Amino acid sequence: MTSFFSFFRGIMTLVLSISSLFLPFTGGVSSAKFEAKDPDEVRLNFAAISDVHMKKDLVRYIKFGMGLSDMACSMTDIDALIIAGDTTEHGEEEHFEKLYGILGRVKFTDNYIIASGNHDTWSDSGFEKSRENFVGAYNAFTGSGIDKLYYSKEVKGYTFAVLGTEENIGVEASISQTQLDWLDTTLAAATSDGKPTFVVCHQPLKDTHGLPEVWGESSVGNQSVGLKAIMKKYDNVFYITGHLHNGLNNSEDGPETYDSVESDGTLHMINLPCFMYNVSRGSKLSGSGLQFEVYDDCVVVRARNYLSSLWLSEFEYSFELQ
Ligand SMILES: [Fe+2]
């Protein structure tokens, strides 16, 4: 099945190359090998994408499979895959079956850190059924035993804390005090040895990445201030989000006024582009995400278009660890 997706990736690369001639210039690309900057020293290497919006749709199957097949070709082992929510279009059982069916066919890791998004909790059968669908499908695929939309997972000694809404309140999240207290405890333990820790949540904090201008009131919601305060208590926390369908952007390089990557001290907020759709802002091509390379003294984040197997070299960041 991997070769099936590889075949379509070849066609897609050609189509993207031609279509890119008609798009505004969005910066440099590089066809450098798909490997970590320093393969001998990298401690953790993971791929992060968001907003896959899977449903019964052949184009979506092929696009997702093509992206995964690029990751499977990385010369440096990819230790984990992060999907920061809106994994499905509507949280129905059949949508999760398709999502995990493709993940199972193009497998390159045993570690999946998957957050729910607002689209994942919009099943026609209601929030509770959506939650059951998400949790059931995740557990069946990974062999995990999560019972909530928030959970933690350790990969090679690094902790990922996944946040998730506890009720359907539209496009924002409803994060309880219990969940915030759990995050506080999780981060205290995870950061005690100085390692970076990764918090994955579909919705960004208020007033980040162009909010509210890019999409009004569609942040993580009422707990934004409290959530940020908890993450700020600890060093080297990376808050990884999606949701906005913003293309990648550095505000100093063009007309858009938002940044995909923002830092406040040692809290780094990173908003992933939409994987499934072409978008109207920033770097517009679908199929992009970020590669995270964790070293002893820094974390390097590099944008990649997984459909064309190209690095988006203008979006490369290095965060020194404290
Ligand atoms: Fe989305």
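Every value quoted in this text rests on a predicted model; they were computed, and no experiment measured them. We count ligands from 1, going down the list as the structure has it; atoms in each ligand are counted the same way. Throughout, residue positions are numbered sequentially from 1 according to the sequence presented. When reading the values below, keep in mind they use all heavy atoms of this one structure, side chains included, and skip hydrogens, waters and symmetry mates.
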query = Of the backbone and side-chain N, O or S atoms of H53, does one lie nearer to the Fe ion (ligand 1) than 2.8 Å?
reply = yes
request  = Using a strict cut-off of less than 4.0 Å between a Lys/Arg side-chain nitrogen and an Asp/Glu carboxylate oxygen, indicate whether K129 and E93 qualify as a salt bridge.
outcome  = yes
ask   = With a cut-off of under 6.0 Å to the ring centre and 45° to the axis, is K63 in cation-pi contact with F275?
value = no
key: Check: L68 and L103 side chains under 4.5 Å, non-hydrogen atoms   = yes
query = Do T87 and Y138 come within less than 4.5 Å of each other through their side chains, counting heavy atoms only?
reply = no
query = Can you tell me the N, O or S atom of D51 that's nearest the Fe ion (ligand 1)?
reply = OD2
2.8 Å cut-off met by an N, O or S atom of H245 to the Fe ion (ligand 1) = yes
D86 atom (N/O/S) at minimal separation from the Fe ion (ligand 1) = OD2
